[in-house]
Visitor: 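What follows is a single structure, and I will ask about it in a moment.
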Amino acid sequence: MISFYNTLSGEVEEFKPRLAGQASLYTCGPTVYDYPHIGNYRAYIFEDLLKRFLLFSDFKVTHVMNITDVDDKTIRGANSLGMPLYEYTKKYTEAFFEDIKTLRILPADYYPRATEHIDDMVRMIKGLLDKGYAYIKDGSVYFSLAKFPDYGKLSKINKDELKAGARVETDEYEKESVYDFVLWKKAKPGEPVWETEFGPGRPGWHIECSAMSTRYLGPNFDIHCGGIDNIFPHHENEIAQSEAFYGQKFVNYWLHCHHLVVDGEKMSKSKGNFYTLRDLLARNIDPVDLRFFLLSTHYRKMLNFTFDNLEQAKASRQRIIDFLYELEHQSLAEASQPESEPLAAAALTNFKESLADDLNISAALAALFELIRGTNSRLAKSQLSRQAANQVLAAIYQMDQVLAVLPEKKEEELTAEIMKKIEQREQARLEKNFALADSIRQELLQQGIMLEDTKEGVRWKKIK
RNA sequence: GGCGCGGUACCCAAGUGGCUAAGGGAGAGGUCUGCAAAACCUCGAUUCGUCGGUUCGAGUCCGACCCGCGCCUCCA
């Protein structure tokens with residue numbers, strides 16, 4: 001049984017897909033006006049974990065992630081550079097795709113662009129007008145909260161109490177009620193314009209997601225994800241628009257990822273604690289270490305990014321890598337008869353059950369590390385056969401289908417020059433010329449190659 | 001004001017009523033090794049923000065309080 005915490009109910013619920021063995025998934029994608037920051041990637045990596053786990057559990061997953069390529073920020077960005085909107089967003093869209101590949105995030109099945117689905121949005125807005133859920137005022141179209149009594153069921157916000165303390169929006173558009181939200185913004189100079197029967201203009205942000213999600217997944221689908229800050233108003237508004245238009249429940253399971261903070265504070269450019277993936281790559285951070293770090297805290301818990309915490313994650317991941325190397329390169333005796341490896345089977349079961357419990361990644365990783373410790377212990381006592389070792393390896397590579405944090409199978413190559421140095425050092429060691437051996441080792445370390453002398457011979461690994 | 005999250009060892013972090021409070025990192029001692037690294041063994045919270053309460057029994061439930069944080073504006 002797989003369970004998830006559903007923001008809608010506020011409880012952990014058993015996941016019951018609409019269609020057995022299939023899951024439809026919509027995740028809020030990037031607004032392509034800048035390079036995404038690592039907080040954005042925390043959300044995308046959480047969604048990747050969710051998706052990989054569903055795939056691992058033999059679900060067929062249909063995943064849609066939108067690309068918001070028309071909104072205030074993209075328009076402002078393009079205009080400030082005097083660049084066509086398309087050209088401007090293209091740059092950041094490409095950067096996004098590059099980043100998710102770097103972070104080993106599985107691609108979605110569909111990446112609908114808002115600008116390519118204006119028709120779908122217009123159709124919905126028209127329908128909402130016809131049904132009386134929306135009204136036109138001063139050339140813009142608004143959704144009327146008063147017509148949708150269920151408003152607030154996701155965020156638990158009582159619309160009658162949306163008041164005191166909260167800053168009241170001073171919008172340049174005229175609406176009947178300050179909390180009504182815009183579906184269609186009337187044309188303004190310098191902004192892209194689409195002609196419609198309710199006037200020229202461009203779509204509001206919320207309608208983009210409603211139109212694109214239901215276009216690909218149908219009016220009712222299984223899972224919708226996003227950051228915790230999207231609960232209100234974005235997702236609340238999506239529910240209102242979609243359920244008003246289709247007359248049925250929109251999303252069955254809402255999963256929200258908590259924020260990433262840096263040094264205990266919300267990231268912001270002015271505080272100087274704002275990082276994009278590119279910033280970290282420039283500091284020689286291994287993106288897979290970042291992936292492991294972002295992955296290794298439960299998605300509903302606030303995660304504090306610090307370079308120290310990232311180092312801890314790196315060391316933790318290195319332990320897995322070292323273990324695999326050890327197991328793959330040890331010469332082990334063949335078992336006299338076929339045997340099954342109980343440690344591996346138990347670990348895999350624990351791993352799976354932990355993730356099935358609202359993606360309890362900590363418990364899942366504990367299962368992995370217990371397997372490593374248990375196997376290492378037997379290895380040290382020479383109680384491990386080749387067959388058993390292979391079963392452990394197989395179990396770990398299976399877990400990595402979900403985690404995606406292990407190095408690529410293919411061995412990295414060293415330059416001939418470095419290989420020669422390693423041989424020279426081996427020769428020096430044979431001749432007991434340890435001073436020379438140590439100096440060569442030190443020299444290679446400077447170049448980022450660490451040598452370890454094992455019983456099976458010298459081993460090297462690249463360090464950063 | 002409303003809605004919500006968190007406070008478990010030096011750091012990160014599981015655990016939501018019941019054997020000795022997971023796991024990782026860092027640290028200490030030992031084994032192995034020319035040394036180093038890796039690995040293994042051992043050590044490490046009588047205690048879970050504070051104070052009360054419920055219970056045979058609470059980190060886990062209830063109440064109050066303290067501290068930190070988020071959202072309530074088209075921020076993942």
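Just so we're on the same page: letters track the sequence lines, and every chain starts at 1. All values reported here derive from a predicted model rather than from experimental measurement.
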Visitor: How would you label the contact of Asn309(A) with the nucleic acid (heavy atoms, under 4.0 Å): base, sugar-phosphate, or nothing?
Guide: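 If one applies the 4.0 Å heavy-atom cut-off, Asn309(A) turns out to touch the sugar-phosphate alone, with no base involved.
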Visitor: Let me know the distance between CG of Leu384(A) and P of rC40(B), rounded to the nearest Å.
Guide: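 That distance rounds to 13 Å.
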Visitor: With sugar-phosphate meaning primed atoms plus P, OP1 and OP2, does Gly226(A) contact a base, only sugar-phosphate, or nothing at under 4.0 Å between heavy atoms?
Guide: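 Gly226(A): backbone/sugar contact only, no base atoms under 4.0 Å.
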Visitor: Write down the protein N/O and nucleotide N/O pairs, taken from nucleotides 58-60 of chain B, whose separation is under 3.5 Å; answer none if there are no such pairs.
Guide:
none

Visitor: How long is the straight-line distance from CG of Leu348(A) back to CE of Met399(A), given to the nearest 0.5 Å?
Guide: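 Interatomic distance, Met399(A) CE to Leu348(A) CG, rounded to 0.5 Å: 5.0 Å.
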Visitor: Among rC72(B), rG24(B), rA13(B), which is the nearest nucleotide to the side chain of Thr297(A)?
Guide: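 In terms of side-chain proximity for Thr297(A), the closest of rC72(B), rG24(B), rA13(B) is rA13(B).
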Visitor: Look at the side-chain N and O atoms of Lys314(A) and state whether any lies under 4.0 Å from the OP1 or OP2 oxygen of rG24(B).
Guide: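 Checking Lys314(A) against rG24(B): no side-chain N or O falls below 4.0 Å of OP1 or OP2.
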Visitor: Out of the candidates Asn237(A), Thr214(A), Asn66(A), only one should pair with Cys209(A) under the side chain to side chain contact (heavy atoms under 4.5 Å, CB included) rule; please name it.
Guide: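 With Cys209(A) as partner, Asn237(A), Thr214(A), Asn66(A) yield a single side chain to side chain contact (heavy atoms under 4.5 Å, CB included), made by Asn66(A).
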Visitor: When all nucleic acid strands are considered with a 4.0 Å heavy-atom cut-off, which category describes His37(A): base, sugar-phosphate, or nothing?
Guide: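 Counting heavy atoms under 4.0 Å across all strands, the contact made by His37(A) includes a base.
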Visitor: Could you tell me whether Pro36(A) contacts a base, only the sugar-phosphate backbone, or nothing, with contacts defined as non-hydrogen atoms closer than 4.0 Å?
Guide: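 Answer is nothing: Pro36(A) stays at 4.0 Å or more from every strand.
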Visitor: Return the value, rounded to whole Å, for the distance between atom NZ of Lys266(A) and atom P of rC69(B).
Guide: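 Atom NZ in Lys266(A) sits about 13 Å away from atom P in rC69(B).
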Visitor: Grab the N/O contacts between the protein and nucleotides 21-23 of chain B below 3.5 Å, and write none if there aren't any.
Guide:
| residue | atom | partner | partner atom | Å |
| --- | --- | --- | --- | --- |
| rA22(B) | O2' | Glu370(A) | OE2 | 3.2 |
| rG23(B) | OP1 | Arg373(A) | NH2 | 3.1 |

Visitor: Along nucleotides 28-39 of chain B, 5' to 3', which nucleotides get a B, which get an S, and which get a -, given that the test is a protein heavy-atom distance under 4.0 Å?
Guide: ------BBBBSS
Visitor: Compare the minimum distances between each of rC71(B), rU73(B), rC11(B) and the side chain of Asp229(A), then state the nucleotide with the smallest one.
Guide: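 When the side chain of Asp229(A) is considered, rC71(B) is the closest of rC71(B), rU73(B), rC11(B).
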Visitor: Specify the separation, in whole Å, of atom CG of Leu359(A) and atom P of rG15(B).
Guide: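 So the two atoms are 12 Å apart, to the nearest Å.
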Visitor: Please determine which of Thr27(A), Leu255(A), Thr297(A) meets the side chain to side chain contact (heavy atoms under 4.5 Å, CB included) test together with Phe46(A).
Guide: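 Exactly one pass, corresponding to Leu255(A).
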Visitor: Please walk me through it: do Asp99(A) and Thr102(A) pass side-chain hydrogen bond (donor to acceptor under 3.5 Å, both in side chains)?
Guide: CA-CA 5 Å; Asp99(A) 284 1; Thr102(A) 304; 5.1 Å; no
Visitor: Sort out for me which residue in Gln241(A), Glu236(A), His234(A) forms a side chain to side chain donor-acceptor pair (under 3.5 Å) with His206(A).
Guide: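 For His206(A), the side chain to side chain donor-acceptor pair (under 3.5 Å) test succeeds with only one of Gln241(A), Glu236(A), His234(A), which is His234(A).
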Visitor: Under 3.5 Å between N/O atoms: give me all the protein pairs with nucleotides 16-20 of chain B, atom names plus distance.
Guide:
none

Visitor: State which of rC75(B), rC69(B), rG7(B) makes the closest approach to the side chain of Met302(A).
Guide: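 Selected nucleotide: rC69(B).
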Visitor: Residues in salt bridge (Lys or Arg N to Asp or Glu O under 4.0 Å) with Arg42(A), at least two apart?
Guide: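 Per chain and number, Arg42(A) pairs via salt bridge (Lys or Arg N to Asp or Glu O under 4.0 Å) with no residue.
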Visitor: For Arg317(A), what residues pass the salt bridge (Lys or Arg N to Asp or Glu O under 4.0 Å) criterion, not counting sequence neighbours?
Guide: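 Applying salt bridge (Lys or Arg N to Asp or Glu O under 4.0 Å) to Arg317(A) gives Asp286(A), Asp289(A).
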